[in-house]
Each structure stands twice: as C-alpha cells, then as structure tokens.
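Below, read A as the first sequence line, B as the second, and so on, with proteins coming before strands; counting in each chain starts at 1.
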Amino acid sequence: MEKTVKLTIDGKEVQSPEGMNLMDAAELAGIHIPNLCYLKGMKGIGACRLCLIEIEGLKAPMIACNTKVREGMVVNTKTEKVQEIRKFIIDLILSMHPLDCMTCTKAGICNLQKYAYEFDLKESSFTRKKFGYPVDEANPFIKRDPDYCILCGRCVRVCKEQGTNVLEFMGRGIGSKIVTANDKPLQESECTFCGSCVDSCPVNALLEADRWRKGREWEYERINSVCLLCGNGCEITVSTKDGRVQKISSGAPAGSAEKYICAYGRFGFDCIEAETRLTSPMKKIDGELRGTTWEDALKIVADELKKAGKDAGFISAAGILNEDALTLKKLARDVVKTRNFDTTVSLYADSDSLKKSQRADIDRSDLIFLLGLNPSQWERVLPALDAAVRRRINRGAKLVVINSSETRIADVATVSLKGDEISNIKGIIKVAIEKGLKADKKLESSVKDIESTEEIEKASALFIEAKQPIIFSSPALFEAASNLSLLKGKKVIAIPLESNARGVVLMGLTTEGKTYREMLTDKMKALYVVGEVPLNKRPDTDFLIVQNSHLTGLAREADVVLPSATFLESAGTITDFMGRMKYLPEVIEPQGESKSHRDIFILLAKIMGSTIKRPTEAEVKKASNIKVKLSPVPFVKKEGLDISPQEMIESINASVINGSRLLWLKETEKTIAV
Amino acid sequence: MKVEEIDVDEQIGEVGQILSEAEKKKGILIHVLQKIQEDNGYLPGDVLSNLSKKLYFPLSEIYSVASFYKQFHFKPRGKKIVKICMGTACYVRGAKEILNTVEERFNVKAGETTEDLAVTLETVGCIGCCGLAPVATVNDEVKGEISSKKLDRLIKFIKEE
C-alpha cells in the first residue's frame, strides 16, 4: 500500500497518497483549482500562475501544481487574495486574445472562456494587443492559429514527452511563439499528426482542421469506445452530432497527458462515408459486380456454402468483435460443418503466446524490455506502445531493446542488444542467475553454455535492480520472454498486430482444419472472407464471398459481396493484448443496408435452416475466462510469423487510409521522404 | 568545427563525470552553436539538422534555444555589420537621421542584410559610451560623434572592402 497523508483543503479533511501534488489532491476531494498549463500525469511547471493557493503558515501563495502534500497541511484555494491574482492573470491573457467566442470552434470547452466567465471579465481592462500571426492550414488534420495561443506550453510538453519533439517555444517574452523547428509547416517537421497537442490545447490555438461550423461542442454527444485499427486497441472518445461522427479524441479526460491515439484512430473516421463504402450487397453478373438484395445475396451464399460443405473455408481479420468471432465459429463449424476457419492472427502470432500474456501497468514500471518489437509512431506500427514507452522513459524508467534488426526506439534505450534475440535473452538470464536471482533448475541448465557480453551484463544488472520490470515481446519470441519473466515479476506480454487478436483466439476462432495460408493455396470450393485481410488478389477458389465495410481490391474480385458495419457502427467487446475486456457501443447506425458481422452470420444460418443465438456477454466472459500459468519452456523463435508489421497494419487499414484524409498523409510522407 | 566530429565528452570537460548523457548534450549546446556561428557567420539550417542527428537532440529544441538569444542568427549576415545606437543620448543627438541615411544609401532596412551580403544594418539599445553620442559600430569598431560630415566618412568606411 502507498503511504497516505492527511491534510485540510478548504476546510475539508483529505487523505492523499504521499508525494502527490496539491492539484491532484484537491481534485480527489472534488475541489477544482483553476489552471491553464497543468497536465495531469506530468510535473507541474507553474507557468500560468492560476493555481496559486494559500497554505497556512506561509506568507506567499504557492502553486498547487508543483507543491507536494504534507501531513497536517492546511490549504485554502479560494481566498480573496488568490482569487484577485487569478482574475488579474486572466485579465492580462485576455488583452492578447481574440474575443470571438461567439463563432470560436472551441467555445464550450475553452478553459480561458470558462475562467473569464468565472471571474466576471467581459473584456480586458488593458490595451488590446493583436499579433496577426499567419495560420498554418497546410494540412487537413491540425490547424495552428498562434493568435489564440496563450503560451501555456501544454502542447510542447505533450509532444516532447511522447518523443515526437515537433513543437517548441521560439523567441522570448512577448515575442514567444510556439512553432516547429525553423517554423516549417507541420508536414515538413516529422509531425505524425497524432493530435495529442490538439487534445491538450486549452484554447483555440490547436484544433482539428475540419471543424469549422461542424457543430458546437455542447451539441455533441460524447461516446467512449475503442479504436480497432491496430494491436494497441486504444480508448477513444467519439463526438457525434446528427448521427454522424464529428471528431475523435483520445479516451482520456481533457488536459491529461495519459493517453495517446494516432492519426489513424483520430482522423480515419472519414472512411465511414468514403466512396468505396459498401451500403448494399452485390453479386457478380457477367463479370461485373451489381447491387442486389440481402435476400438474394444470402440465398446464393447459402447455396454455395451448402455445396462446398466441409470444403468451404472461412478466413477472418482479427479486428472483429468477440461476439462476431463466436457467431462466425458457430456458422462455420455447426451450420456449414467445415473445420476450416482461421484468422489473420496465424500470420503473426500463435494462440499460446496471446493467451498467456499477463496484465501490467506500463505507467508503474521502472524497466521495460522490448523483445523483437519495433513500435514506431512514425511508421504507425503500434504507435501507442511507442509513445507510452517514450513517455515512461522521460519519467525515469529504463529501457532495454533486444532486436536483431535496427529500430528507432533503440535511440532512447538504456541498453540496446543487437544480434540474435534468443542468445541475448539467455545471456541476461544466465547473468541474473549468477548474480543471485532464483530460477528453476531446468531453466538454469538451458542457459549455461551462453557467453555473456558487457552489454548483456548491463541489461542484466538493470533487471536485477528493477522493482517492476515489464517485458513486451513479439509473439514469435514469447517463450524466451516468458522464461525471463519467471525470474522476476512475471509481467510478460506478447503484442499482436490486430486489436482483437487475443479475443478471437479466446473465442476459439482458430482452425481445426486448414490454416489461413493453406486456404489461400488449396483451392477451396468456397472461400468466405470476413473483414479487411491483407489480400489484394483473388485466391484460387471456386466461389469467393467477401464480407467487409468497404469495396477493397479483393472484394472487386468476389462473386458475392456482403456489406458489413464498421467498428463505430457495431456494439460488442474485444479482449485487448493484456486480456482486458473493452466495450464498444454502437456509436452511430450502420450506413445504408450494412449490418454487423454477427447479424449477417445469423441471417445466413437461418436461410441454411439453422438457428444461431445472439451471443450473450456471459458466453463471451466464459470463453475469456481461462487460467494460465507460466512455467519454464524451451527457448525457440517460432518460424513463419515474420510478416512485416508495417505492411500488415497498412494493408488491414487500406480502406481506412484510402477512404480518408490519411491518403493525403501517405502521399505527403512519400514525397517528403524522396 | 565539423558537426560530425563533435566529441561530447571532450566539449563538456571534467564536469561531464557527474552529468548524464542527456545533460551533457544540453550542456554543450550553446557552446557548439557559438562555434557554428563563428565558422559560418550564422546558423545554417543544414548544419543544425546535422547537429540534431549527431546529438540525437530534437531540432525543434535547438531552434528554441538559439532563438532565445539575440546573438544567434538564422540568416546569412553581411560582411560589414553596422549597429546604430538608438539609446536616449544618441537618439536626441540625431541617431534617427543617421539610421535613415544609412538605410537610404544601402537600400536596406534595420534588421536586414543587403542582397549582395555586403552590409547588415541593426539598431541597438546602448553601446555604453553615451559621451560620444551619436554612436555607431562597424564590425565592433566604434565610430562616435557622428556629425553630417562624419556621416559621409562613415558611409565610405562601410563601403570599403
């Protein structure tokens, strides 16, 4: 248990963990201390001076964001003196701020507006100063309007802490401005367009570029959900109006540095209404896809599946929901009666490593291992992992990168071990055992013939010192990672490339017959493809059914195309890589006639003369509830799982990228790289 | 100084023993920027880019640090750097007129450099020799008590190779 201290804030007795700052402690007690520059989760910098509070026994007011709680402290947050100071500060800021709240996009969530109202300031009592800075509107994602900027530095700190380092202060005093290096447009500054700066901006200086007159903030309905575009499965908050998605933000409270989402998650939602979006079923007539009714399309599919029977194959993406996976398995195994049903998981992971992954809190770890993983915000391969690791390093944790290939994250590692991953891990284990960590005899003997190097010694020393080490590994190297974790902590996690990889495995959607790859080459009598899979050309099959939200290259070559809902249009659950169940509500209704995957499976089963019941939450929970125990296993690097993560993630998101502003980003990145 | 050849430990010296790698890089930054400016007359963008790569130090932060100080320049500077004092004493003794004349003769505004990179014209707050007002400096050489006659000589002096 953490130690706690007792103090009094505004006459209220508060218990707070030792070492917490007064800002957070007051928040715990339900007392809000005004602030413009504080970011929850980050050290306070005391730039805005709004959080000044009075502590009994001290003459001068103190800043709450950077003053730690002490036993017996008596704090007053609303004395006349500090209120007067706060009003003065807001008055000063207003003198340099455009007062156009009536049409300002951020009206309603602007902190400056809130405090101006609170302190009864209609207009500044000082002479107005206008800067007339140029606006950066050269990209379709983030608009920068420095005239609104209050120089709180939140964006700078968020950007820096996650390791992107795009925004910085330039100049000094009244002439300070927040700019990119050499004041270049964002796209020329290695900006990844994650939009963390937009979430952190308390005013209208940074905002989504497409927001002008797309609804006021108070008209939006905010719905918490999960992004399913890659293996990180990040929490998102979706703002909707009139049944349409208006913006997506990270799923953390505003003014917090705790969560990250990437450009795909934040700006990919345009694809819901893309030209390639499927809104009705289609069938191939004389070599051309034509629209048809659900009844007709499903009848054709049912006949073909019946004909194919045990020679039918089902392949699915692992970005589908647990409920979809359960229903798909029932359709394949019980209705069509085939044993061939597999997912894209088999391209990059084995089910064991996913099932055995543990839970851990990266924000509490003091040592992180990245084994065979190459997360990158710039290539958008598990970008949230990259951001979380870099943030953790900036807060004092150590990083060990073990990878036989070059990685960008190794630049910030304490120790980077190149060369064969397995020998490196064995070396670390060997040294750790020699230095006194207890281990199983079998494990000890399996590492004894490894030669250690200076770098391995260093990595091992870090491991021995660490209180809460976490080991993230690629699924192919999970066994080695798990052996290391047995020495200390048992926090070992394999990271898949798709959001619900662990879920579909738990739901039992792993083949009992042919694998994903085999079904592509073995000439199935009928092949049923669910979701966006990394396939552009029609595999050799007699009959191809594609069920997806968008008309992909593969769908164009299908015999029947069934329109499915996107993840924002369908309710259900996923099980993320740490085994946490996450809930997705139906944020908006499915476009046109598109339906959720499971509804399509259920209808199809009905036409084939069987009934599949809608899976219940209990059923999903039962399937997820497995007991795993880690024990020493042979060190092997699993073969056949070495698909390029970047290519995989790009190809499972092809419709999202090609059907949204992200296409601009891809093309711009290509031109700049040349 | 070649950016590619910077040795962080050598630059930071003995104090490096008690600093972390990140602190050492921060520690030598201004020193290195001064050397780059000494060699080039200003801070060229490509050199700063290389410096950022060499030190694994964010380019945005390099610009941030450099832009804080007035001594660092991001654009090429003229061969002759003319600073005209606008301090109170110089001002009342006709500094404005001197400035206007120099601006006119060299077709350059204060704070700018002529296209042929011959002259950079700047104004300064006070040079510290108000007794000689009005004062100007040309490449650190002080020219005082600039009367209209002396002004012509000053202009000639600036024009000299």
Side-chain angles (χ1 to χ4, degrees), chain A residues 47 136 144 146 151 153 155-192 196-197 377-378 390 393-399 401 406-416 458 672, chain B residues 3-4 6 8-9 16 18-26 29-30 32-34 36-37 40-77 86 109-113 122-125:
Chain A
D136 179 8
R144 288 191 300 144
L151 300 170
C155 54
V156 172
R157 281 179 292 146
V158 167
C159 194
K160 198 176 280 199
E161 202 180 39
Q162 72 187 24
T164 31
N165 292 309
V166 174
L167 297 172
E168 251 297 357
F169 285 100
M170 179 137 126
R172 76 194 127 128
I174 194 94
S176 313
K177 195 181 161 190
I178 286 171
V179 295
T180 60
N182 209 9
D183 210 357
K184 290 264 171 58
L186 285 174
Q187 66 273 20
E188 291 169 34
S189 311
E190 280 218 312
C191 175
T192 65
S196 296
C197 55
Q377 293 177 69
W378 297 269
R390 285 171 193 268
I393 296 168
N394 278 323
R395 295 185 191 177
K398 303 274 194 297
L399 171 69
V401 172
E406 288 289 320
T407 64
R408 183 160 174 171
I409 199 152
D411 292 352
V412 293
T414 322
V415 179
S416 167
K458 264 196 223 165
I672 286 171
Chain B
V3 163
E4 289 74 16
I6 294 173
V8 178
D9 287 306
I18 54 166
L19 295 178
S20 72
E21 289 305 312
E23 284 165 336
K24 279 189 221 165
K25 287 178 191 168
K26 278 191 181 177
L29 184 60
I30 290 183
V32 170
L33 288 175
Q34 280 171 332
I36 294 173
Q37 181 150 303
N40 300 280
Y42 72 111
L43 301 175
D46 53 336
V47 179
L48 295 187
S49 270
N50 288 343
L51 179 67
S52 156
K53 278 177 206 137
K54 160 82 190 175
L55 294 181
Y56 289 121
F57 199 83
L59 186 60
S60 55
E61 207 167 324
I62 294 178
Y63 273 97
S64 180
V65 169
S67 67
F68 186 86
Y69 300 97
K70 220 184 160 187
Q71 295 97 310
F72 290 121
H73 308 279
F74 299 101
K75 282 188 189 147
R77 310 251 293 153
M86 287 299 201
K109 284 257 170 301
E112 288 176 358
T113 302
E122 283 171 357
T123 58
V124 289

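At a 4.5 Å heavy-atom cutoff, the contact between A/Asp411 and chain B is made by side-chain atoms alone. Residue contact with chain B, scored on non-hydrogen atoms closer than 4.5 Å, involves the side chain of A/Lys160 exclusively. Of the two parts of B/Tyr56, only the side chain, counted from C-beta on, holds a non-hydrogen atom closer than 4.5 Å to a non-hydrogen atom of chain A.
A 6.0 Å sphere centred on CD of B/Glu4 holds more than 12 heavy atoms belonging to other residues, nucleotides or ligands. Counting non-hydrogen atoms of other residues, nucleotides and ligands closer than 6.0 Å to NZ of A/Lys398 gives a total of 12 or fewer.
Relative to the ring axis of B/Tyr42, B/Arg77 does not place its NZ or CZ within 45° and under 6.0 Å from the centre.
Of all the listed residues (B/Ser64, B/Ala66, B/Pro58), the one sharing the greatest number of non-hydrogen pairs under 4.5 Å with chain A is B/Ser64. Counting heavy-atom pairs closer than 4.5 Å to chain A, the top-ranked of the candidates B/Glu61, B/Lys70, B/Glu21 is B/Glu61.
Checking A/Ser196 against A/Gln162 by side-chain atom types alone, a donor-acceptor pair falls below 3.5 Å.
A salt bridge links A/Glu190 with A/Arg408: the distance from a Lys NZ or Arg NE/NH1/NH2 to an Asp or Glu carboxylate oxygen falls below 4.0 Å.
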